[in-house]
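Quick notes on the structure that follows.
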There are 2 protein chains.
Amino acid sequence: MIQRFVFGNPIDTEAVVKTIAPSEGAPEGWEIDEAGRQIKRNLNASDIVYGLGETVRGLNKRGWQYISNNTDEPHHTEDRRSLYASQNFLLILGDSTHGIFVDTPGRVTFDIGYTKPDDLVITLDDFDVNLYVVEAGDPAEAVREFRQLIGKSYIPPRWAFGFGQSRWSYMNEAEVRDVVKSYREAGMPIDSVYLDIDYMDSYKDFTVSEERFPDLAGFTKEMRGEGVHLVPIIDAGVKMENGYDVCDEGKAKGYFCKDENGEDFVGAVWPGKVHFPDFLKPEVREWFGSLYGRLLDLGIDGFWNDMNEPALFYSQKRLKEVLGSLQGLDADTMDIDSFFAMAERVGSLFNNKEDYKSFYHTYHGQKIRHDKVHNLYGFNMTRAAGEAFARMAPDKRILLFSRASYIGMHRYGGVWTGDNSSWWSHLLLSMQQQPALNMCGFLFAGSDIGGFNCDVTEDLLIRWLEADLFTPLYRNHSAKGTRRQEAYQFGSQETFRNILNLRYALIPYIYHAFMKAQQEDGMYISPLSFGFPHDARARQVEDQFLIGEALMIAPVYTQNATGRYVYLPERMKLLRMRAVDDYDEEVLEPGDTYVPAALNEVLIFLRQGKSLPLSEPAESTSALDWNASRVIRFDD
Amino acid sequence: MIQRFVFGNPIDTEAVVKTIAPSEGAPEGWEIDEAGRQIKRNLNASDIVYGLGETVRGLNKRGWQYISNNTDEPHHTEDRRSLYASQNFLLILGDSTHGIFVDTPGRVTFDIGYTKPDDLVITLDDFDVNLYVVEAGDPAEAVREFRQLIGKSYIPPRWAFGFGQSRWSYMNEAEVRDVVKSYREAGMPIDSVYLDIDYMDSYKDFTVSEERFPDLAGFTKEMRGEGVHLVPIIDAGVKMENGYDVCDEGKAKGYFCKDENGEDFVGAVWPGKVHFPDFLKPEVREWFGSLYGRLLDLGIDGFWNDMNEPALFYSQKRLKEVLGSLQGLDADTMDIDSFFAMAERVGSLFNNKEDYKSFYHTYHGQKIRHDKVHNLYGFNMTRAAGEAFARMAPDKRILLFSRASYIGMHRYGGVWTGDNSSWWSHLLLSMQQQPALNMCGFLFAGSDIGGFNCDVTEDLLIRWLEADLFTPLYRNHSAKGTRRQEAYQFGSQETFRNILNLRYALIPYIYHAFMKAQQEDGMYISPLSFGFPHDARARQVEDQFLIGEALMIAPVYTQNATGRYVYLPERMKLLRMRAVDDYDEEVLEPGDTYVPAALNEVLIFLRQGKSLPLSEPAESTSALDWNASRVIRFDD
């Protein structure tokens, strides 16, 4: 059962698709403190709190404070309160199951046993909110009810379940060709290559560098002949440049966010100075969305939307102030406090949250300061694209995922979890974020495999590809200046080949389970508690996951480990897989087991009465025979 | 057996205390590439590589690249190559045991299966090195031989095994009194309170703020009456200030490091502009060491040496250049590349390694550029103090530990592991660094319990105090601006009281085991492989540790966990301890076990035929009855 409670004058976020008449009073079990702008609940010692989508730390969010305030945050360390997304749904698993969706576009603080271990305190900057409260018999039911409220999740094209290779940046046709050729020669399947910001002309959205990609239509066709889709990035900020038609048209039609004087707000990101489209206006979404058509016309059928928190390297106004403050500084007379203040002023130019108070949107006909609707920005950029694809290519699925998001965006695209690092701790984090994203409607999701920032190692990349074997978005991506991270760069070619081929053999299972979750508003990747809600030990497990209805996985996520402990809530068949046609089968009894897993071995557990179909691997999904060439069964 | 091999003209680091005649040729099993400045070895798949003291990642160092280059590095994330210390000893555990000590004071890169999984490649910036190679039957023997080479480890006073509370900073007498009173009122024992930089007058070494601590001698005595020792910090840089006698004398006598023109080099740290004492000169060590006497005379008997990599917020020369480059910058004409360059120039002022090439020491009578002997700086600062204590207080043990170090410094003081963070991953790291430090001679060591940077949570602090229950240095420390971290700040008073009392009950065991390791050149905290070198599973365990001869510990280091898996190489008695007088005893058979451990429970395993003496807890070590009031036995 879902109830809606309304406090103050909430801004309609358009996150939900069902109209629920508001209930009177306060939701049962929750304390509302309007003066303190707080929503509170006491937690029992054994309650588990899931949710919040893409955040740091484990599945159970207890013991930290999270802040919904979309942030271009490249350091995903345990202490961070905010990452790129705001997914304000919590699921409390106790004797019964309670869900709460705090539907408000501004800043929200979730203190989940941080200040006091047994207190859940949600604080809003503005107490104008639609509160949706879910009561259910078990977590799966709670998720289903919530997902029915927020609408069906986005479905990508089938090829998006294939392996993708990305890099900031493959600089030109030759580099992309070389990547594809290297994968093909290594016998490793691949379905997509991502184009990061350097494919554009001077980082201008919807342009293509003539020097680097002189014939993108022809090159896209050539790559498609190899079974490979090119997936360009689109950034939120539009370069300020006279004669750049997107900028000119946006200015002329008043499509950009305004500063306090009604002038187009000036920030800076990759292209230098930019204006930010006011995606909250339907006509801006229609205009910006249509621009994706320029790339569709070249044969492109996939996009990733980036920098849409929006990231802000600096605002022109603040840069003027800071540069002014640097004039006349003298090393001989500078004391240490002035030195720190100077360094701090320069550092604080980047993504300064105060700058979000210096520009404005028009939303539902009202002028509104950006920070009040901040968390809706990336959602509406992606909605612009999604709505346009529905107009321009109604019979085709287009790949679309975003860095920033808010619940509601899940209807238009997926997400990737942003600029993680080549750390073992981020391998585990990448898994733990998935169920939380599923709860919030984001089924098509994934992290940068191998890690974006920092230098990868061969063993980390192998374990990460193994751990994410079932993750819908299966993409290797890394940053400029880091060690090259393509699978063919390393010595253990056979291991990489076997893992990637295994992914392809599993795609029919993955796709089927994904579509079932999409259609039935269920989980694709879930904590064990969803399958075994009354098993107290299963509820505690933070590093094993259920994939669809047939499988449990237990990734190895520590360096130099040659095995791991696994908890089995019931009898299962262990598949220790080295390759599609090379695996051990062993039936394991319920309880705790130490399971050896060498670097080239993946641990998959098949549930009783279920079967796992495996296809014959292919070099890309276009060549994949979706009929099973082999079925592994675990009969009752 | 230890052999010495000499290449080039090595600088004598004074790390070793035994003279070994050089062997001819190259050490067996190692390839020497003088032209490439490399020392190489092929690793077998199952070889484990221990060592390197205080570094990131796990016990087994395989799969990363480490660089010995002492660095003021506040981000101890997995990608960091260098932290504060250089402890160039590796122990390779294969079918036999091989050790190598790369004794050179400059930069050394240890590629331990980073570039290629099976290659160990050690690269020196300058190939002038004393190479000590150890061959032994087992890891304990290898450590013993190496430790005999480098000399006996430092012994702190007994009270240093008590609990210490630190903060950057307790600002005055009243704040320190309040900390002690709060611990006493909460019934939690404490032996020391640390004074961070604000106790000084304007951060000038060997001064005391008259405003904050008007009578430090009287206050030290008052605190001693409470059973509490005050432990002030000493920084490496000496404030430039006319009339400050330490600065004046250092300048007059030529005791500071010089720039390329022979002028005293100017850097900046907390006091603003400073000179750096040339600790590599014996007369400077004697002078600087004697200055500690000013505080000894006030009754102080413990010190921590900080900022001695040396940290360098900026060099005066670089600051001039950078400030110059900022003049005339105009926001209207600045492009994005100029913006990044500007921000990068300002950011690169901090701890810029190039600055280490702009000042000079006199070492063994020779002028030498700092970067060539960089890793010896903190060692010799601490040696200055240790040598002075031996002169000034020959009959007394003085507490002394340092942030920067090199092997050899272990004879003069201990170490703490610097500015870690309030992260669960750093709780585990704090444990994993201990055995590596022990191998290198550093027995008296510890991490900032609860974490220095970022905000702690109650559960993290509890688990960290439990995990570090046997760590010789047992100190809670946290940074300015973070959540208050004293144990009495949180709700679970009884749990904190029980853990701290349990520490005190264990001090006789801890001290005895520590002293045995010191006297016999053994390990105090060791990996399981030291006790069970032929148990293949035990060799893989990265999160259980042997403490002395009687105990194994298995800390819980993940948030919200209510138990953990434990591998028992042999029959042991589990002690699940909630308090000195409240624990479960259970004999567990060898193998894998899941062991419940609630937040208030510590898992200690008693080995067969051994016993664990427990004393009656006391409010400080001065009141501790070292006779056991209780003995837990596990008879054969």
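The model shown is predicted, which means the values in this text are computed figures rather than measured ones. Order of the sequence lines fixes the chain letters, A, B, ..., with proteins taken first and strands second; residue numbering starts at 1 for each chain.
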Taking all atoms of both residues into account, what is the closest heavy-atom pair of B:Asn60 and A:Asn560, and its distance? O-ND2, 3.3 Å
Side chain, backbone, both or neither: which part of B:Leu460 has an atom under 4.5 Å from a heavy atom of chain A? neither
Check whether any side-chain heavy atom of B:Asp79 sits under 4.5 Å from a side-chain heavy atom of A:Trp423, and report yes or no. yes
Hey, are the side chains of A:Leu319 and B:Met334 touching, using non-hydrogen atoms and a 4.5 Å cut-off? yes
Enumerate the residue pairs fulfilling salt bridge (charged side-chain N to carboxylate O under 4.0 Å, His left out) with a member in residues 325-336 of chain A, sequence neighbours excluded, ordered by first and then second residue. A:Asp332-B:Lys320
When rounded to the nearest 0.5 angstrom, what is the spacing between CG in B:Leu326 and CE in A:Met342? 7.0 Å
Can you check whether B:Val566 reaches A:Tyr565 side chain to side chain, under 4.5 Å on heavy atoms? no
Name the region of A:Glu458, side chain, backbone, both or neither, that has any atom closer than 4.5 Å to a heavy atom of chain B. side chain
Once rounded to the nearest 0.5 Å, what's the spacing between atom OG1 of B:Thr562 and atom CZ of A:Arg539? 11.5 Å
Chain B contact via A:Leu323 - side chain, backbone, both or neither, heavy atoms under 4.5 Å: side chain
Contacts under 3.5 angstrom, residues 593-601 of chain B side chains, donor-acceptor by atom type, not counting sequence neighbours:
| residue | atom | partner | partner atom | Å |
| --- | --- | --- | --- | --- |
| B:Glu601 | OE1 | B:Ala598 | N | 2.8 |
| B:Glu601 | OE2 | B:Arg578 | NH1 | 2.7 |

Answer with side chain, backbone, both or neither: which region of B:Val456 has an atom nearer than 4.5 Å to a non-hydrogen atom of chain A? backbone
For residues 589-598 of chain B, which residue pairs qualify under salt bridge (charged side-chain N to carboxylate O under 4.0 Å, His left out), counting only residues two or more places apart or in two chains? B:Arg537-B:Asp592, B:Arg571-B:Glu589
Take atom CD in B:Gln327; do more than 12 heavy atoms of anything else shown fall under 6.0 Å from it? yes
Given side chains that start at C-beta, do those of A:Ile336 and B:Tyr314 come closer than 4.5 Å, heavy atoms only? yes
Decide if atom CD of B:Gln493 counts as having more than 12 heavy atoms of other residues, nucleotides or ligands within a radius under 6.0 Å. yes
I'd like to verify something: which residue of A:Gly63, A:Gly491, A:Gly324, A:Cys454 has the highest number of heavy-atom pairs under 4.5 Å with chain B? A:Gly63
With ring pair (Phe, Tyr, Trp, His ring centres under 6.0 Å) as the test, would you mind laying out the steps for B:Phe339 and A:Phe313 before giving the verdict? CA-CA 9 Å; B:Phe339 168 75; A:Phe313 294 162; 7.3 Å; no
Between chain B and each of A:Gln316, A:Lys273, A:Gln65, count heavy-atom pairs under 4.5 Å; write down the option with the most. A:Gln316
Can you tell which part of A:Val269 gets under 4.5 Å to a heavy atom of chain B, answering side chain, backbone, both or neither? backbone
With chain B, which of A:Gly328, A:Gly563, A:Gly347, A:Gly58 has the greatest number of heavy-atom pairs at distances under 4.5 Å? A:Gly328
Counting only heavy atoms closer than 4.5 Å, note whether A:Thr457 contacts chain B via side chain, backbone, both or neither. side chain
Contact origin within A:Val541 toward chain B - heavy atom pairs under 4.5 Å: neither
Given 3.5 Å as the limit, does a donor-acceptor pair link the side chain of A:Glu78 with the main chain of B:Ser422, or not? no
For the pair B:Phe350 and A:Phe340, name the ring-plane relationship: parallel under 30°, tilted 30 to 60°, perpendicular over 60°. parallel
Using heavy atoms and a sub-4.5 Å threshold, report which of residues 109-118 of chain A line up against chain B, by residue number. A:Tyr114, A:Thr115, A:Pro117
Could you tell me whether the side chain of A:Asp455 reaches within less than 4.5 Å of the side chain of B:Arg81, counting heavy atoms only? yes
If you compare all heavy atoms of B:Trp424 against all heavy atoms of A:Arg57, which two are closest, and at what distance to 0.1 Å? NE1-NH1, 3.5 Å
Please determine, among A:Arg483, A:Glu542, A:His75, the option with the most heavy-atom pairs under 4.5 Å with chain B. A:Arg483
